[in-house]
Amino acid sequence: MRYVRPGWFTKKVFNPAVAVLTRAGLSVWGSRVLQVRGRKTGAIRETPVNVLTHEGTRYLVAPRGETQWVRNIRVSGEGGLRLGRQVERFRAVELADQEKLPILRGYLGRWKVEVGVFFDGVRADSPEAELRRIAPNHPVFRVEPLP
């Protein structure tokens, strides 16, 4: 199980800034505030995330690995994506490692500058074998809207 803990700047400056903008209705490169019920407390937890659209389907990728939001969404199976006052409820379907490859490639192509350091030197143009190597370290969930 891999997890890269966020540093001080990310925790105290970057993530809060993105969350404030997203809550105000301004998406930063596709950002949303993920809302997911805590697996122990049942309280709603929020964290900024990048939502990737690939071939008409949306995905959540965990660049830092087995984060708390990943653990929570595995238990709850659903969450919300907030932009401004709008919250879109969704069902989360975790992908198998082999299914992740095009999603990871797309994610790295879109957010390499922001998250590249978490992918062990793998880039969007890296060979498929390199993507297969890192796939187990990065949970990916398909976002399926709820009625």
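Since the structure is predicted, the reported quantities are computational estimates derived from the model, not experimental observations.
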Any non-hydrogen side-chain atom of Glu46 less than 4.5 Å from a side-chain atom of Leu34?
no
Nearest non-hydrogen partners of Leu52 and Tyr107, listed with the distance
CD2-N, 3.6 Å
Heavy-atom side-chain contact between Lys112 and Arg123 under 4.5 Å
yes
Nearest heavy atoms of His138 and Lys100, plus distance in Å
O-NZ, 3.2 Å
Quick one, Arg32 and Pro48 - any side-chain contact, counting heavy atoms below 4.5 Å?
no
Which pair of heavy atoms, one from Gly80 and one from Phe90, lies closest together, and at what distance?
N-CE2, 3.4 Å
Side chains of Glu99 and Ile103, heavy atoms from C-beta outward: is any pair under 4.5 Å?
no
With no hydrogens and no angle check, is any side-chain donor or acceptor of Thr53 less than 3.5 Å from a backbone partner on Gly56?
no
Validation row: Pro145, Arg91 side chains within 4.5 angstrom (heavy atoms):
no
Just so I know, are the side chains of Trp69 and Arg45 near enough to count as touching, which here means a heavy-atom distance under 4.5 Å?
no
Closest non-hydrogen atom pair between Ser31 and Leu83, with its separation:
O-CD1, 4.4 Å
Salt bridge or not between Glu130 and Arg105? Use side-chain N to carboxylate O under 4.0 Å.
no
To the nearest 0.5 Å, what is the distance between CG on Leu131 and CD on Gln98?
10.0 Å
Got a sec, which pairs hit salt bridge (Lys or Arg N to Asp or Glu O under 4.0 Å) with one end in residues 50-61, sequence neighbours left out?
Arg58-Glu88
Please evaluate residues Asp120 and Arg133 with respect to the criterion side-chain contact (heavy atoms from CB on, under 4.5 Å), reporting the C-alpha separation (whole Å), side-chain torsions for both, the decisive distance (0.1 Å), and the verdict.
CA-CA 10 Å; Asp120 299 328; Arg133 178 180 61 80; 4.1 Å; yes
If you measure from NZ on Lys40 to CZ on Arg71, what distance do you get to the nearest 0.5 Å?
8.5 Å
Ile44 vs Val36, side-chain contact (heavy atoms from CB on, under 4.5 Å): CA-CA, chis, key distance, verdict:
CA-CA 5 Å; Ile44 297 296; Val36 64; over 6 Å; no
With sequence neighbours excluded, what pairs up with Glu128 under the side-chain hydrogen bond (donor to acceptor under 3.5 Å, both in side chains) test?
Arg132
Val93 and Phe141: CA distance, side-chain angles, deciding distance, side-chain contact (heavy atoms from CB on, under 4.5 Å) verdict:
CA-CA 5 Å; Val93 178; Phe141 297 87; over 6 Å; no
Measure the spacing between CG of Asn72 and CZ of Arg39 and express it to the nearest 0.5 Å.
4.5 Å
How long is the straight-line distance from CG of Leu60 back to CD of Glu94, given to the nearest 0.5 Å?
11.0 Å
If you take all heavy atoms of Pro63 and Val61, which pair is closest and at what distance?
CD-O, 3.0 Å
For Gly84 against Arg82, the heavy-atom pair lying closest together
O-NE, 3.0 Å
Answer yes or no: is there a side-chain heavy-atom contact under 4.5 Å between Leu81 and Val33?
no
Hey, does Phe119 have a side-chain heavy atom less than 4.5 Å from the side chain of Leu108?
yes
